[in-house]
Amino acid sequence: QVQLVESGGGLVQPGGSLRLSCAASGFTLDAYAIGWFRQAPGKEREGVSCISGSVGDADYADSVKGRFTIARDNAKNTVYLQMNSLKREDTAVYYCAKSRYYLCSGSGFPTPGGMDNWGKGTLVTVSS
């Protein structure tokens with residue numbers, strides 16, 4: 001059974017940092033692309049970052065390029081999202097998701113349609 005569990009969210013001041021974790025189980029982590037998505041109140045879910053299978057190619061939304069970094073630790077079956085220089089507009093529930101495919105490009109990222117399993121999300125609030 002595929003499971004994805006996010007953690008690491010919380011309240012942070014503008015300019016601060018957080019690291020989100022996505023603990024995966026029930027499948028071989030580096031055989032699939034894994035994406036991070038977010039959804040703010042009243043807005044559609046949007047793709048934030050994606051890491052392809054074992055090749056590890058990463059993709060980022062323009063709004064987070066240079067500030068967020070995605071990484072995967074296969075030994076821990078975990079995907080991380082390091083978020084630096086956080087802005088108020090980064091406030092959202094963050095979800096990790098497993099793709100049906102090996103590559104982020106094949107998954108249709110940044111659209112969510114190629115993802116077949118989702119975690120329940122972790123809330124990130126950027127506020128002073």
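Numbers here are sequence positions counted from 1.
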J.: Do any pairs count as a side-chain hydrogen bond (donor to acceptor under 3.5 Å, both in side chains) and have a residue in residues 105-115, sequence neighbours left out, and if so which ones?
T.: Ser99-Ser107

J.: Shared ILVMFWY cluster between Val12 and Leu81, side chains joined below 4.5 angstrom?
T.: yes

J.: Working to the nearest 0.5 Å, report the span between OG of Ser25 and CG of Leu4.
T.: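 Nearest 0.5 Å value for the OG-CG distance: 7.5 Å.
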
J.: State, to 0.1 Å, how close Ala40 and Ala92 come at their nearest heavy-atom pair, and which atoms those are.
T.: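 Taking every non-hydrogen atom into account, N-CB, 3.8 Å.
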
J.: Decide whether Val5 and Val79 are clustered together by the hydrophobic rule: side chain heavy atoms of Ile, Leu, Val, Met, Phe, Trp, Tyr closer than 4.5 Å, transitively.
T.: no

J.: Tell me, do Ile34 and Lys98 make a side-chain contact under 4.5 Å, heavy atoms counted?
T.: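 Counting from C-beta outward, Ile34 and Lys98 do come under 4.5 Å.
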
J.: When you check the gap from the basic side-chain N to the acidic O, do Glu46 and Arg38 get nearer than 4.0 Å?
T.: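 So Glu46 pairs with Arg38 through a salt bridge.
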
J.: Determine whether more than 12 heavy atoms belonging to other residues, nucleotides or ligands lie under 6.0 Å from atom CD of Glu89.
T.: yes

J.: For the residue pair Gln82 and Ser17, what are the closest heavy atoms and their distance?
T.: NE2-CB, 4.0 Å

J.: To the closest 0.5 Å, what do you measure between CZ (Arg67) and OG (Ser49)?
T.: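 Result: 12.0 Å between the selected atoms.
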
J.: List the steps, then state whether side-chain contact (heavy atoms from CB on, under 4.5 Å) holds for Glu6 with Leu20.
T.: CA-CA 7 Å; Glu6 303 95 336; Leu20 305 184; over 6 Å; no

J.: Do Leu18 and Tyr80 sit in the same hydrophobic cluster, where Ile, Leu, Val, Met, Phe, Trp and Tyr count as joined when their side-chain heavy atoms come under 4.5 Å apart?
T.: no

J.: If a pair satisfies ring pair (Phe, Tyr, Trp, His ring centres under 6.0 Å) and one of its residues is in residues 60-79, list it, with sequence neighbours excluded.
T.: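 Counting only pairs at least two positions apart or across chains, no ring pair (Phe, Tyr, Trp, His ring centres under 6.0 Å) contact touches residues 60-79.
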
J.: Hydrogens and angles aside, do Ser128 and Arg88 bring a side-chain donor and acceptor to less than 3.5 Å of each other?
T.: yes

J.: When rounded to the nearest 0.5 angstrom, what distance separates OG1 in Thr125 from CG in Asp90?
T.: 11.0 Å

J.: To the nearest 0.5 Å, tell me how far Asp57 CG sits from Ile51 CD1.
T.: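 One finds 8.5 Å between CG of Asp57 and CD1 of Ile51.
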
J.: Side chains of Ser7 and Thr122: closer than 4.5 Å at any heavy-atom pair?
T.: no

J.: Closest approach of Thr78 and Lys76, non-hydrogen atoms and distance?
T.: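 That would be OG1-O, 2.8 Å.
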
J.: Just verifying a value: how many Å separate Met115 CE and Arg100 CZ, rounded to the nearest 0.5 Å?
T.: 9.5 Å

J.: To the nearest 0.5 Å, what is the distance between OH (Tyr32) and CG (Asp116)?
T.: 8.0 Å

J.: Can you run down the ring pair (Phe, Tyr, Trp, His ring centres under 6.0 Å) pairs that involve residues 82-128, sequence neighbours left out, and say none if there aren't any?
T.: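 Sorted pair list: Phe37-Phe109, Phe37-Trp118.
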
